[in-house]
Colleague: 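Quick one: structure below, then a few questions.
Residues take their numbers from the sequence shown, with the count starting at 1. Counting starts at 1 for both ligands and their atoms, in listed order.
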Amino acid sequence: MSSNYFKSHPDKEGKFGEYGGSYIPEELTKEMNKINDAYYSISKSHKFISELRSIRKHFQGRPTPVYYCNRLSNKYGGRIYLKREDLNHSGAHKLNHCMGEALLAKYMGKKKLIAETGAGQHGVALATAAAYFGLECEIHMGEVDMAKERPNVVRMEILGAKVVPVTHGLKTLKEAVDSAFEAYLKDPVNTIYCIGSVVGPHPFPMMVREFQRVVGIEAKEQFLEMTGELPDNIVACVGGGSNALGIFSAFLEDKECKLHGVEPAGRSFKKGDHAATLTFGKPGIIHGYKCYLLQNDKGEPDPVYSVASGLDYPGVGPEHSMLKDWNKVEYTSINDKDCIDAFYELSRLEGIIPALESSHAVAYAIKLAQANPTKSILVNLSGRGDKDIDFIVEEYGLPEVK
Ligand SMILES: *Cc1c(COP(=O)(O)O)cnc(C)c1O
């Protein structure tokens with residue numbers, strides 16, 4: 001792999017090998033090209049870079065620490081470290097790309113940020129960025145999701161965002177995407193669409209990766225300083241794949257570092273019971289780009305499920321699709337039960353309550369540690385679990401305190 005990797009992936013058409021690209025109506029292509037041009041001319045400027053650096057330091061609280069899990073490692077073997085994205089402002093890695101997208105919007109003279117949200121995490125991060133920059137914010141959300149994720153709806157409203165209920169179809173994420181795109185196309189001059197992961201048409205998979213690379217750059221330097229060597233294993237959960245690419249990107253050229261992407265195996269491997277896209281999917285097209293996709297015979301997305309709502313997506317980032325074909329990353333999965341066990345283990349052994357999404361990565365790290373007790377493991381702890389506590393205790397109960 002050449003050091004030119006980031007310049008040549010994606011290529012000029014926004015392709016990662018056969019994946020990615022842009023399968024969208026012509027009117028949308030024009031807007032995506034404008035965003036792409038703006039990204040190249042603005043985000044490489046000294047002014048943009050220094051403003052983003054200052055935001056990361058003073059508003060987000062970066063760099064986030066790398067932490068050695070002493071008690072967890074003693075119990076399971078191995079040496080387990082966490083990159084603490086749960087300590088990033090607003091409690092997850094999502095703010096890394098939302099602040100970047102919103103800063104780009106400001107430089108482009110946009111007045112309003114538009115997005116969809118499923119569980120509400122992307123909506124809350126974007127509403128946070130909009131408040132910081134004094135931009136309007138409109139979040140489209142299915143009515144069903146709004147009822148389920150009431151606290152996040154309230155958070156967005158407290159932050160000054162307008163939450164638009166989507167009332168057609170299944171009233172969940174897919175309809176919310178359509179609704180947000182429609183609203184965006186009504187006024188593409190004053191508004192910008194902000195995607196929540198390394199997915200969607202070009203240039204979003206590339207832009208979101210670039211804004212997340214800070215995670216890996218920091219983590220590599222911190223890990224080297226703490227231990228004098230590189231980690232043997234790097235583990236991250238994969239929904240769309242932004243937190244995983246954020247940390248993997250710094251280690252793609254280090255042959256001694258094994259990269260592990262963890263998808264949700266949900267309740268079972270039956271259709272509709274999981275969202276392990278890279279394990280069971282086949283190449284297809286969703287939301288304007290090509291990727292591995294859980295799909296039926298007609299190429300329509302299959303229903304998906306995970307206990308972690310941030311991971312239940314039938315597609316996956318095009319770059320992950322390519323890295324899978326290259327065997328550069330090992331993609332694996334963790335089921336709900338192991339995820340919940342890891343959630344409690346990290347809480348009780350280390351005093352860190354992880355997001356259910358991140359708990360998938362912790363669960364896989366525990367398995368790796370048991371199998372390879374002499375190796376080191378760096379986990380991207382993508383978010384904190386405060387948002388999940390009511391649900392967990394209601395659905396799974398509290399394990400007895402020993
Ligand atoms: C949204 C979310 C994810 C999944 O998104 P990726 O783009 O795959 O990173 C993972 N962890 C947390 C805490 C999230 O909020």
Colleague: Do His89 and Tyr132 meet the criterion of a side-chain donor-acceptor pair at a distance under 3.5 Å?
Modeller: no
Colleague: If you count the atoms of ligand 1 from 1 in the order shown, which ones are under 4.0 Å from a heavy atom of Gly239?
Modeller: 8 (O)
Colleague: At a non-hydrogen distance cut-off of under 4.0 Å, which region of His122 contacts ligand 1 (side chain, backbone, both, or neither)?
Modeller: neither
Colleague: Does ligand 1 have any atom that is closer than 4.0 Å to a heavy atom of His93?
Modeller: yes
Colleague: Would Thr332 and His260 count as having a side-chain donor-acceptor pair, cut-off 3.5 Å?
Modeller: no
Colleague: Over 60° means perpendicular and under 30° means parallel, so classify the ring planes of His93 and His97, tilted if in between.
Modeller: perpendicular
Colleague: Starting from atom 12 (C) of ligand 1, what is the nearest protein heavy atom, named by residue and atom, and what distance separates them?
Modeller: Ser382 OG, 3.5 Å
Colleague: Any nitrogen or oxygen of Leu311 lying under 3.5 Å from a nitrogen or oxygen in ligand 1? Just yes or no.
Modeller: no
Colleague: Could you list the atoms of ligand 1 found under 4.0 angstrom from a heavy atom of Gly383?
Modeller: 13 (C)
Colleague: Under 3.5 Å, is there a donor-acceptor pair linking the side chains of His140 and Glu116?
Modeller: no
Colleague: For the residue pair Thr64 / Glu85, report whether a side-chain donor-acceptor contact shorter than 3.5 Å exists.
Modeller: yes
Colleague: Geometry only, no angles: is Ala92 polar-contacting ligand 1 at N/O separations under 3.5 Å?
Modeller: no
Colleague: Report yes or no: do Glu31 and Tyr193 form a side-chain donor-acceptor pair below 3.5 Å?
Modeller: no
Colleague: Side chains of Asn96 and Gln60: any donor to acceptor distance under 3.5 Å?
Modeller: yes
Colleague: Between Asn233 and Tyr364, is any side-chain donor less than 3.5 angstrom from a side-chain acceptor?
Modeller: no
Colleague: Within the structure, does Lys387 bring an N/O atom to less than 3.5 angstrom of an N/O atom in ligand 1?
Modeller: no
Colleague: Among Gln121, His320, Lys94, whose heavy atom sits nearest atom 15 (O) of ligand 1?
Modeller: Lys94
Colleague: Should you measure from each heavy atom of Gly310, which atoms of ligand 1 turn up under 4.0 Å away?
Modeller: 4 (C)
Colleague: Are a donor atom and an acceptor atom from the side chains of Arg155 and Asn152 found within less than 3.5 Å of each other?
Modeller: yes
Colleague: Give me the nearest non-hydrogen protein atom to atom 6 (P) of ligand 1 as residue plus atom name, then the distance to 0.1 Å.
Modeller: Ser242 N, 3.3 Å
Colleague: N/O of Gly241 under 3.5 Å from N/O of ligand 1, yes or no?
Modeller: yes
Colleague: Relative to the heavy atoms of Cys237, which atoms of ligand 1 are at a distance of less than 4.0 Å?
Modeller: 10 (C)
